[in-house]
Structures are given as C-alpha cells and as structure tokens.
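Worth knowing before you read on, the calculation uses all heavy atoms, side chains too, and leaves out hydrogens, waters and symmetry mates.
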Amino acid sequence: MMTSATPPTPYPSAQYNPYAGLTFVPRLPPTAYALLLHMLTQQQPGGHVRATHDELATGLALNRGVISRAMPYLVAARLILVIGRGRFKIHPMLALHPNPQERKAALAALAREDRLDVGHFEDEYELRLTHYLEEKARKKIEQAKAPTTRAHLRSVP
C-alpha cells in the first residue's frame, strides 16, 4: 500500500498564517496600500521599521509629501503605530515573527480590543479617520485665526 506524503507546511493552520492579518485591512487609498506593502518588506522581526519618510518615499519612488499623506490612513487603520521619528511598528497581526510560536505569543499578548479581527474594523477605521481629518481641519482653522507675531523683528531707530 502506497501513501502519498505531503510536505509539511511551515504554518499548519490559519492561526499561524503570516498573511492572515491582511484580511482585516480596510479600504485604503492606493498609495497607502503601496506604503503598507513596502513597510512590510522593510520590517525587522517583531514588526519594527526604522525609516524616515524620505527613505520610504525613495523606496517607493514617490515624493515625501505622498508618504506623509498616506501614513494617517495606516495609523487610523491601526496597521502602523508611529513610535517616534523614523520609527514605526507594524501591527502584531501583520508583523514578521521568527517562528510560529513567537507569532502565537505576540497575538496572545494582544488585548481583545487591539486585535484587527474583533469588531467591525471597517466602521471603526472610518470613524478614526473621520476624527483625524476633523481634528486636522480644526487645527488648521485655529492656526489661521491666530495672529502672527513677529517678535523676532525689532524696529530700527
């Protein structure tokens, strides 16, 4: 009796599938998708990305401003966390992990509300994005209303 042997898969179930998190990526502008995919290729284990907006723009052959406009969509979708200047962290459900056990531990450490597969991620994304855009518009209005002072200039006698 002959049986066909199937090669073992590195991720035996959907729980370990490194691409499973992409199922929960909401509708994004095309440049935000491109930026996300580029950042996924640039990540270190654990999802850390060290790159400035200029470096990301160079890697995608785009202008820096395009990166700056695309990043808020990824942040609102909770796919990217901005840690500091030139330092980002990819959501653990999308992040690269050295092995399935570390991926499982990272996902187990996530609070339920931080998971991408809990709740209505598309609706929550839209709400966070709307809030971000409203806050940005409010700040722009406040800046326009604020009087410009030229304290650094002195009158010449």
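- Note that CE of M39 and CG of L79 are 10.0 Å apart. Values are rounded to the nearest 0.5 Å.
- What you find for R115 and L107 is that their closest heavy atoms are NH1-O, 3.6 Å.
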Trace of the salt bridge (charged side-chain N to carboxylate O under 4.0 Å, His left out) decision for R138 with E135
CA-CA 5 Å; R138 185 189 60 78; E135 184 69 17; 2.2 Å; yes
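- Note that CZ of R64 is 9.5 Å distant from CD1 of I67, once rounded to the nearest 0.5 Å.
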Step by step, would you call M93 with D117 a side-chain contact (heavy atoms from CB on, under 4.5 Å)?
CA-CA 9 Å; M93 291 182 73; D117 58 352; 3.7 Å; yes
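- Of all heavy-atom pairs spanning L22 and L94, the tightest one is N-CD2, 3.4 Å.
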So Q44 and V49, side-chain contact (heavy atoms from CB on, under 4.5 Å) or not? Walk me through it.
CA-CA 6 Å; Q44 299 167 358; V49 178; over 6 Å; no
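- In terms of heavy atoms, M71 sits closest to F88 at CE-CE2, 3.7 Å.
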Walk me through it: do L133 and L129 pass the test side-chain contact (heavy atoms from CB on, under 4.5 Å)?
CA-CA 6 Å; L133 294 173; L129 184 61; 4.2 Å; yes
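- Note: the hydrophobic cluster containing L37 also contains L74 (ILVMFWY, side chain heavy atoms under 4.5 Å, direct or indirect links).
- Contact record, R50 with R87: NH1-CD, 3.0 Å, taken as the closest heavy-atom pair.
- Considering all non-hydrogen atoms of both residues, A95 and G47 come closest at CB-CA, 3.6 Å.
- Checking side-chain atoms of N99 against main-chain N and O of Q101 turns up a donor-acceptor pair under 3.5 Å.
- Tracing side-chain contacts under 4.5 Å through hydrophobic residues (I, L, V, M, F, W, Y), one reaches Y132 starting from V75; they form part of the same cluster.
- Here Q42 contributes atom CD and I90 contributes atom CD1; the two are 9.5 Å apart, rounded to the nearest 0.5 Å.
- In this structure, K89 contributes its side chain and G46 its backbone to a donor-acceptor pair below 3.5 Å.
- One distance of note links CG of L35 with CZ of R69; it measures 12.5 Å at 0.5 Å rounding.
- Listed for the H97 side chain is a donor-acceptor partner under 3.5 Å among the backbone atoms of P92.
- Of the possible donor and acceptor atoms, one in the side chain of Q43 sits under 3.5 Å from a partner among the backbone N and O of L96.
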Going through the distances and angles, do H38 and L56 end up as a side-chain contact (heavy atoms from CB on, under 4.5 Å)?
CA-CA 8 Å; H38 180 69; L56 292 170; 3.7 Å; yes
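- No donor-acceptor distance shorter than 3.5 angstrom exists from the side chain of H53 to the backbone of G86, with no hydrogens or angles considered.
- Considering NE2 of H91 and CG of L116, their distance stands at 4.0 Å, rounded to 0.5 Å.
- L127 is not connected to L28 by any chain of hydrophobic side-chain contacts under 4.5 Å among Ile, Leu, Val, Met, Phe, Trp and Tyr, and they are in different clusters.
- Using cut-offs of 30° and 60° for the angle between ring planes, the Y73 and Y125 rings count as tilted.
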